[in-house]
Amino acid sequence: MENALFEDRRLERTLQVARLAGALLVFALGPLFPSLAPAHVLVLGAALLAWTLINTRLVEGARTAAGYERVARFSFVVDTSVVIYAIWVFAADPQWTAWAVGVLIIIGSAFRFGRLGALASMTTITLAYLVIVGWRQQTYGYNIELQRVAFAVSLYLLTALIMSGAIRELLELRKQREHQLFHDLLTGLPNRALLIERLQQQLLRQPRTGESVAVLVMDLTDFKAVNDSLGHAVGDDLLKQIGPRLAASLRTADTIARLGGDEFAILLPGTDETGAARVAQKMLAALEQSFPLEGEALDIGASVGVAVAPGHATQAEQLLSRADVAMYAAKGSLAGLAVFSAEHERDGAGRLALMSDLRRAVDEGELVLYYQPQIDLRTGGITSVEALVRWMHPKRGLVGPDEFIPLAERTGLIKRLTRTVLTEAIRQARAWELAGLRVPIAVNLSMRNIHDPQLPQTIAQLLQRWDARPDLLRLEMTETVLAADPERALQTMDSLRAMGVHIALDDFGIGYSSLAYLNRLPLDEIKIDRSFVIGMIDDESSATIVRATVELGHGLGYAVVAEGVENAETRQRLTALGCDAIQGFLVARPMPADQTAEWIGRATVPAVVAAGD
Ligand code: C2E
Ligand code: CA
Ligand code: CA
């Protein structure tokens, strides 16, 4: 948009020069026409000069494309009036100047208004010319030959015809360029510039109408993974399907724009907070149906942030950025939807600072691993410990993974982060082994890690580097790794397991639950999500899910682990259900390596006793 304005301003400057030159010419040539009254020459020249100055102000003052368009049209009307006045002044003498000016007007109007403009101005000028000629013949008794009149009229006609043809093409080009400047090339949706423009218009009207204006910002979940694993063509195809899918839940007055990447924004005029939240919910529901891509059905989620004017902001950019901040907050919520609040803004600022810090943290060893034991329900012995990453932030202290793992996933930093965690976990497991404590360490993987074709090789190298056997390492991943490219995830998991690494399906029950894949997955263990385990004492449906998962897991030949076990009662019920192992605050909280070693040292004794019974 800025480019277009800039180029139009160049045109504007040329016009300014023309106006100035016109004024000078009037002053210079005026005296050469003996029949011209000096007053006319003065008025015409002064008018041109004044208009040049005013026009400069107007053009500079136009901030939006629509505003600029208004100035351009107004300028055209004034320019034409001045020129017609000039014809009238100069045509007192039948000079070539009169024709030349007429031809210039036709060209000018063709540029501004296209074909119709050229023809309309040609007609007007011809008529004006004939009237002036007739009036002069009567008043002054001049006798103008018919040939001269015919020549002038045909000159105008010819100009109009040529210009209207040539100009049509130019205008077509200009329209195309404008469309490109205000629309996204891939999806054809309005872009950020057009959204801001429309938002500004709504906000200008807002104080008068009193109606609120809502903006939604939507970001697709794990779109990057779709792109990475299925290729950009499929990613593009998905993006193209989003607009039409969302349009079904919108009114015609609403604007849906693509802000870039997998981010979309929706402008809802005359909509308050409740209305906007309702639309957001409808949109999320519309996205729930799978997208047909390359003959496969792909599920994709989204997070939506809502901001409403005038409550949250009154300026377009600010409103949009607040909806963006809310969208980030929505990413952390279960509903995938959040309305802006001042709290989010603080989080948003903190998040930005965190993001730049995080790169440093990964490189400079600010990440530390805590370990949480998992124990066998029958023997009471330790089966493994889970490595849970923490960030020793120099100013903030210990930061939990929920605050920075999602950030690392979004920025692609997760690859290096996981590598760091794997390196430390394998080193630690081997160090403990050498010290006589043989306990496997489980490491959490993100979806992006599973789509990294180098992962198995990286792990093999790390194991080799520490001279560690593969069964010292366990990997945990959630069902989301299957969302984008199940085949590829399966391949990676297969090759990892073939190496002898134990694999657990984490947070079972809250993900995509592609039951169809469950028996094809190369798994050793299923970890029931802690929300069901924590809820199973008071909530019958949670208890049912736990029971069903134990049966399902066993039926498929996997061990079943319950995480989030906080009290003895839960432990008893899990034992009764035949659950294999537990992890949770009841057993131990995550703790630093030295404490973990102590804990293992103490815990191994009863385990050995239990095994010896
Ligand atoms: P997770 O894999 O489900 O890890 C278990 C989380 O549950 C841990 O939170 C742990 O402190 C918590 N927890 C354990 N026992 C109990 C309990 O009895 N009650 C309750 N309420 N919570 C319990 P933490 O350490 O904050 O980790 C949160 C999540 O961060 C993890 O969930 C995991 O998804 C992710 N994460 C942690 N470390 C890494 C890592 O190195 N890489 C990746 N990709 N993700 C990680
Ligand atoms: Ca885990
Ligand atoms: Ca878990």
Side-chain angles (χ1 to χ4, degrees), residues 222 225 229 367 369-374 382-389 401 405 408-409 414-430 432-433 438-466 468-508 510-512 514 517-518 520-530 553 556-561 563 580-581 583 590:
D222 299 327
S229 53
L367 298 182
L369 294 186
Y370 273 41
Y371 300 92
Q372 188 180 37
Q374 174 186 314
I382 300 184
T383 56
S384 61
V385 294
E386 178 175 1
L388 294 160
V389 69
I405 294 284
E409 282 170 344
I414 191 71
K415 259 163 103 171
R416 260 156 64 205
L417 186 147
T418 302
R419 210 193 137 88
T420 308
V421 172
L422 279 167
T423 310
E424 175 55 17
I426 296 172
R427 188 200 64 76
Q428 184 65 75
R430 180 67 178 137
W432 280 336
E433 190 182 41
R438 201 189 137 67
V439 52
I441 295 186
V443 168
N444 291 284
L445 294 183
S446 292
M447 160 146 88
R448 285 241 209 146
N449 297 132
I450 289 296
H451 290 132
D452 173 8
Q454 282 167 340
L455 182 78
Q457 204 196 340
T458 306
I459 289 180
Q461 280 169 356
L462 287 174
L463 288 169
Q464 206 180 7
R465 178 159 136 208
W466 300 110
R469 289 222 313 274
D471 58 5
L472 267 191
L473 179 67
R474 300 187 165 195
L475 297 173
E476 299 191 359
M477 52 200 80
T478 63
E479 294 151 271
T480 53
V481 301
L482 295 175
D485 185 356
E487 293 307 324
R488 200 153 127 196
L490 280 176
Q491 262 179 27
T492 314
M493 289 168 78
D494 272 330
S495 53
L496 284 169
R497 197 146 174 274
M499 281 165 50
V501 177
H502 177 117
I503 296 182
L505 191 63
D506 206 355
D507 301 347
F508 184 80
I510 59 168
Y512 286 72
S514 0
Y517 274 102
L518 201 56
R520 287 183 53 196
L521 285 175
L523 291 182
D524 299 278
E525 165 183 314
I526 295 181
K527 296 183 84 169
I528 309 175
D529 188 71
R530 58 182 179 274
L556 293 168
Y558 308 142
V560 179
V561 180
E563 49 179 29
D580 301 287
Q583 187 182 335

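Keep in mind it's a predicted model, so treat the numbers as computed, not measured. Both backbone and side-chain heavy atoms feed into the values below; hydrogens, waters and symmetry mates do not.
- Arg438 is listed as a side-chain neighbour of Leu472, based on a closest heavy-atom distance under 4.5 Å.
- Residues Ile441 and Trp432 have side chains in contact (heavy-atom distance under 4.5 Å, counting atoms from C-beta outward).
- With values rounded to the nearest 0.5 angstrom, Asn449 atom CG is found 9.5 Å from Leu475 atom CG.
- For the atom pair Glu476 CD and His502 NE2, the distance stands at 8.5 Å (nearest 0.5 Å).
- At a threshold of 4.5 Å between non-hydrogen side-chain atoms, the residues Glu386 and Gln374 do not count as touching.
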Query - Worked verdict on Glu563 versus Asp506 for side chain to side chain contact (heavy atoms under 4.5 Å, CB included) - result: CA-CA 9 Å; Glu563 49 179 29; Asp506 206 355; 3.5 Å; yes
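- Closest heavy-atom contact between Ala387 and Val443: CB-CG2, 4.4 Å.
- Using modelled atom types, one finds a donor on one side chain and an acceptor on the other under 3.5 Å when comparing Lys527 with Gln583.
- A donor-acceptor contact shorter than 3.5 Å links the side chain of Asp524 to the backbone of Ile503.
- The distance from the CG atom of Asp494 to the CG atom of Leu521 is 9.0 Å, given to the nearest 0.5 Å.
- Between the side chain of Thr418 and the backbone N or O of Leu445 there is no donor-acceptor pair closer than 3.5 Å.
- The shortest distance between side-chain heavy atoms of Thr423 and Arg465 falls below 4.5 Å.
- Of all heavy-atom pairs between Pro456 and Leu496, the closest is CA-CD2, 3.8 Å.
- Annotation for Ser446 and Ile405: closest pair OG-CG2, 4.5 Å, computed over non-hydrogen atoms.
- A donor-acceptor pair is defined here as one N or O able to donate and one able to accept, closer than 3.5 Å; such a pair exists between the side chain of Asp580 and the backbone of Val560.
- Within the model, atoms CD of Glu433 and CZ of Arg469 stand 6.5 Å from one another, a figure rounded to the nearest 0.5 Å.
- Rounding to the nearest 0.5 Å gives a distance of 13.5 Å between CG of Leu556 and CZ of Arg520.
- Side-chain N or O atoms of Arg448 include one that pairs as donor or acceptor with a backbone N or O of Glu409 at under 3.5 Å.
- Under the 4.5 Å side-chain criterion, counting only non-hydrogen atoms from C-beta, Pro440 is not in contact with Asp471.
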Query raised in the report: Does the pair Leu422 and Leu473 meet the rule for a side chain to side chain contact (heavy atoms under 4.5 Å, CB included), with working shown?
Result: CA-CA 9 Å; Leu422 279 167; Leu473 179 67; 4.1 Å; yes
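- Contact of the Leu490 side chain with the Pro522 side chain is registered, since non-hydrogen atoms from C-beta on lie closer than 4.5 Å.
- Side-chain contact between Thr478 and Asn444: absent, with no pair of heavy atoms (C-beta onward) separated by less than 4.5 Å.
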**Report entry** Residue pair Arg497, Leu523: steps toward the side chain to side chain contact (heavy atoms under 4.5 Å, CB included) verdict
**Finding:** CA-CA 8 Å; Arg497 197 146 174 274; Leu523 291 182; 6.0 Å; no
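- Note: Asp452 CG to Lys415 NZ = 4.0 Å, rounded to the nearest 0.5 Å.
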